[in-house]
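Working notes, beginning with the structure itself.
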Amino acid sequence: MKILSVAEKNDAAKHIAGFLSDGNVQRKEGLSQYNKIYEFNYNFRGRNVKISMTSVSGHLLSYEFVGFYKKWKSCSPDDLFEAPVVKQCPQDFLKIKATLEREAKSSDILIIWTDCDREGENIGFEIISVCRKANANIQVYRAKFSEITKQSVKNAMNNLGQPNKQISDAVDVRSELDLRIGASFTRFQTLRLQKVFPDVLSDSLISYGSCQFPTLGFVVERYKAVQDFIPEPFWKIKVTHKINDLIVDFLWKRTRLFDQLFCQVLYEKCIEQPRANIIKVQTKPKSKWRPIPLDTIELEKVAGRKLKMNAKETMHIAERLYNQGFISYPRTETNIFPHNINLYNLVELHTGDNRWGQFAVRVLQEGVNPRQGKKSDQAHPPIHPIKYTDGLNGNERKVYEYIVRHFLACLSKDAEGLETVVEIDINNERFEARGLQILEKNYLEVYHYENWNVKEIHSYRQNDTFNPTSIELVDGETSAPNLLTEPELISLMEKNGIGTDATHAEHIDTIKQRMYVGLLDEIYFVPGELGLGLVEGYDSMGFEMSKPHLRAELENDLKKICENTKNPKIVLAEQINKYRDVFRKAVNQANKLDLCLSKYLKSRANIVENNLNSIVNALPENILKCSSCGSNMVLKHRQNNPSFISCQAYPQCRNAIWFPDKVIDIQLSPDTCVSCGNNVRLLKFKFRPGSMAPYYFDVHTGCVGGCDSQLLESLEINGAHSNFPHSDNNINSSGDTVRNSFINQNAMNRLNDQQGTTNRNFNPLSFDRKFNLANNSRNFRLDSAGDADIQCNCGVTARKYTVQKENANKGRQFFACSKPLGEPTKCTFFLWADNNAPQNNIFQDTNYDRQHSNYNRNFHNSNQNRDHSIPNFRAKKRAASTTINTRTQRKCGNCRQEAAPLIADVEQEENEETEIKSQAEDDEIEVEKESATKTENQNVKDFCDCI
DNA sequence: GCAAGGTC
């Protein structure tokens with residue numbers, strides 16, 4: 001038995017394997033140089049098994065748009081709320097994926113060891129999907145651990161559970177929304193503002209993101225608070241007491257008053273009887289607490305405050321230190337050391353250093369005493385040094401030193417002191433002075449980043465009196481807050497749930513890159529013209545795009561998905577509807593954005609209409625929604641040939657509606673179909689005279705949305721099949737997932753139906769009627785596929801052939817179903833190997849045109865004597881339904897002509913087998929299989945003259 | 001040329 005274990009990153013895989021194997025592990029190279037394979041033997045439930053432990057590098061798959069939706073100007077940004085998206089493996093991770101596939105094939109069990117957080121659960125499902133595709137029978141378990149320590153890891157192995165789909169679903173919802181909302185608003189803003197302000201923004205990328213905009217919002221908000229600040233005068237009474245050279249300040253218990261007259265009255269009272277009565281003298285121990293163990297956010301903030309380095313640079317350096325083995329994993333939310341970590345050993349490494357070595361010795365002598373925080377990400381310990389070095393320079397040295405000093409400080413003791421509080425009364429007004437005596441500096445001796453200053457005070461005794469040196473009426477005025485610094489900005493992001501510990505620095509960097517914000521004196525954030533204009537523009541529309549609560553609301557919903565109290569499909573649909581609504585309203589008043597920006601950009605604004613047509617290329621009009629993927633389907637015209645209707649997600653979705661030669665011309669009618677709804681446009685057909693049944697005029701306006709079965713039959717549009725998915729995921733043969741919010745909307749409608757709620761967005765065509773308008777939708781791989789990855793309609797790997805016949809295609813290679821001749825499920829999948837592009841395969845295939853014309857002419861001729869009265873025609877069709885289905889399947893995959901030997905009815909096909917074979921052998925067409933050692937001539941019958 | 005989330 002072999003077990004494949006997969007962690008979220010190489011470092012985790014290495015440690016987990018080390019703990020499980022008690023160090024008896026063999027390291028092997030994976031296909032990705034960064035993700036090794038750790039092999040060891042293990043006693044699993046009483047059996048000796050071999051475990052291969054490897055890793056991914058975070059997410060293995062990510063959502064992307066397909067087909068025309070990828071191109072900025074080839075679709076409306078509004079379409080991106082519904083356009084199909086695929087979850088696929090980016091180029092960078094193909095090697096990791098290949099390692100998983102290879103290892104999964106030879107494994108019986110898969111154990112997921114990703115981090116035990118939300119993203120980790122989702123990454124786990126990505127690993128599962130890849131491994132299951134390679135080995136459908138692999139058994140899956142989830143290891144649940146609270147930290148990567150020996151005890152915790154072994155405990156997890158002994159208590160394996162199942163991965164949690166709800167948690168993973170929540171992440172899918174988050175990812176899909178981020179992509180749809182980000183892409184739609186980014187394209188809209190960028191394309192529009194480039195056009196409105198070509199002089200200053202023609203090369204700018206003006207992005208929108210659910211984290212970057214609130215981050216910008218914080219900067220703008222503080223900036224405006226500073227700008228709009230109106231100082232307010234105040235008054236206060238100050239008392240001093242000087243003995244020798246020491247002046248003690250007594251602060252008024254009322255602090256300050258904003259009423260000058262009232263303050264003056266109180267002041268004069270004090271002056272009248274200025275003798276001070278000491279009413280309380282209290283001396284008590286006071287501690288200054290050592291820091292809590294270091295997490296990422298604290299490192300970023302302290303680096304900004306004390307090391308004068310920004311968060312991005314700090315994290316970059318921390319990663320370098322981690323990769324050199326000097327410090328532990330730097331992206332952690334944990335500020336509690338696990339119980340069984342050997343802190344003594346870690347401290348001991350530093351005893352020889354001439355800067356902090358003595359302190360390290362002292363910590364060992366006094367005993368390590370970690371101050372504990374309250375947070376744990378259940379995966380990584382707090383950031384701490386794991387190797388000693390004195391060889392670093394520059395900022396690396398500074399960051400390493402900080403991490404070491406912080407580590408030693410948090411393990412030592414709090415600083416101890418004595419605080420004296422003296423309270424006096426002057427004619428019923430109270431004042432207070434504080435003194436501080438430091439007894440033991442403790443952690444402060446190593447942690448130079450903090451001060452604790454002695455404050456001397458005279459010796460006072462309760463009930464004594466004295467004459468103050470001065471009693472003054474002091475005036476002042478309130479002052480504006482400072483502009484935001486990076487540590488403050490990070491605190492705000494953390495508090496409002498914007499980004500994660502691993503992404504705060506990136507979001508801040510993004511808004512700098514986009515020129516939304518800049519730095520004043522290298523410390524303070526100020527919004528730039530673009531940032532101010534964008535925030536004000538959306539504010540003026542009434543949308544709080546730059547406020548954090550939109551993201552916070554989503555976060556609440558995601559929690560509910562994880563808790564199984566809210567359906568992910570509903571959350572997704574609700575959020576999409578919400579943002580689409582805002583988007584459309586924003587587009588309708590887009591000139592407000594221009595107006596606000598023109599205030600700041602000091603550039604002439606071109607007038608651009610408040611719509612999306614003005615910023616994208618001329619788009620084809622939508623006819624109906626694709627029954628396969630939910631995208632828009634549009635009319636494609638070809639010179640001198642019939643038009644056809646194509647899915648906008650082509651080539652990933654190959655759903656199309658083809659028309660026979662009897663259709664001479666098709667134009668879009670301005671009207672939509674009353675039966676099928678507003679989503680379906682009527683078409684104006686021009687038929688070849690006499691080609692249609694007598695009751696059709698040569699010019700006919702009709703619907704191909706599914707309501708007019710007579711028309712569909714007459715145009716040979718197959719309405720008998722449906723591959724409309726009954727789940728929200730449209731899984732193709734390769735198992736990759738195509739998600740589409742249009743389909744999700746229907747899923748939500750179904751749920752609403754069950755709950756008895758009104759279904760206002762119901763789409764009769766796609767959900768109820770379930771017509772697959774053309775049964776020629778081809779399967780597609782979403783990975784970047786090599787030859788071996790091409791799959792046919794049956795879902796098996798297609799074979800590669802070479803055309804041998806003396807014709808225009810001689811020498812070209814193509815893929816077709818690899819099943820043997822006579823196999824009833826053999827499909828007519830066809831794909832030119834040198835040419836996946838639509839133009840050559842479908843749009844410009846002159847062979848197809850010729851063949852298709854011939855076919856229709858023959859078909860028409862052979863039927864010319866038939867009784868075309870509808871009942872009779874339909875009865876015949878029903879009687880021969882198997883035949884029709886077979887015929888549909890047996891059309892040539894390339895040109896869609898019904899290849900002559902394959903027109904035969906099902907019942908006859910077997911009987912005709914011999915005859916077909918001999919025909920094939922006589923045929924002069926020769927097709928040679930690319931990889932076969934012998935030629936299988938009988939395959940010839942599957943391909944027609946066009947090949 | 002889009003997002004945010006992982007991570008070498």
For this session: Please lay out, stage by stage, how A:His380 and A:Asp115 fare under the test side chain to side chain donor-acceptor pair (under 3.5 Å).
Result: CA-CA 9 Å; A:His380 316 285; A:Asp115 294 355; 3.3 Å; yes
For this session: Applying salt bridge (charged side-chain N to carboxylate O under 4.0 Å, His left out), run through A:Glu101 and A:Lys97 and close with a yes or a no.
Result: CA-CA 6 Å; A:Glu101 286 164 343; A:Lys97 181 169 172 264; 3.3 Å; yes
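- Nucleic acid contact for A:Asp115: sugar-phosphate only, since backbone atoms but no base atoms lie under 4.0 Å from a heavy atom of the residue.
- Among the heavy atoms of the strands lying under 4.0 Å from A:Arg514 are primed sugar atoms or P, OP1, OP2 only; no base atom is included.
- Contact annotation for A:Glu506: base contact, defined as any heavy-atom pair under 4.0 Å involving a base atom.
- When heavy atoms are screened at a 4.0 angstrom cut-off, A:Gly120 is found touching no nucleic acid atom at all.
- Note on A:Thr190: every side-chain N or O is 4.0 Å or more away from OP1 and OP2 of B:dG1.
- Of the candidates B:dT7, B:dG5, B:dC8, B:dC8 carries the atom nearest the A:Tyr34 side chain, counting heavy atoms from C-beta on.
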Exercise. Going through the distances and angles, do A:Asp178 and A:Ser210 end up as a side chain to side chain donor-acceptor pair (under 3.5 Å)?
Worked result: CA-CA 7 Å; A:Asp178 284 340; A:Ser210 52; 3.1 Å; yes
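- Of the listed nucleotides (B:dG1, B:dG6, B:dA4), B:dA4 has the atom at the smallest distance from the side chain of A:Arg551.
- Of the side-chain N and O atoms in A:His507, none sit less than 4.0 angstrom from OP1 or OP2 of B:dA3.
- Among the nucleotides B:dC2, B:dG5, B:dG1, the one closest to the side chain of A:Thr503 is B:dG5.
- The listed nucleotides are B:dG1, B:dA4, B:dC2; the one nearest the side chain of A:Gln212 is B:dA4.
- Contact annotation for A:Glu121: no contact, since no heavy-atom pair falls under 4.0 Å across all strands.
- Ranking B:dC2, B:dG6, B:dG5 by closeness to the A:Trp72 side chain, first place goes to B:dC2.
- Each of B:dG5, B:dA3, B:dC8 was ranked by its minimum atom distance to the side chain of A:Tyr322; first place goes to B:dC8.
- Here A:Glu319 pairs with A:Arg331 under the side chain to side chain donor-acceptor pair (under 3.5 Å) rule; sequence neighbours left out.
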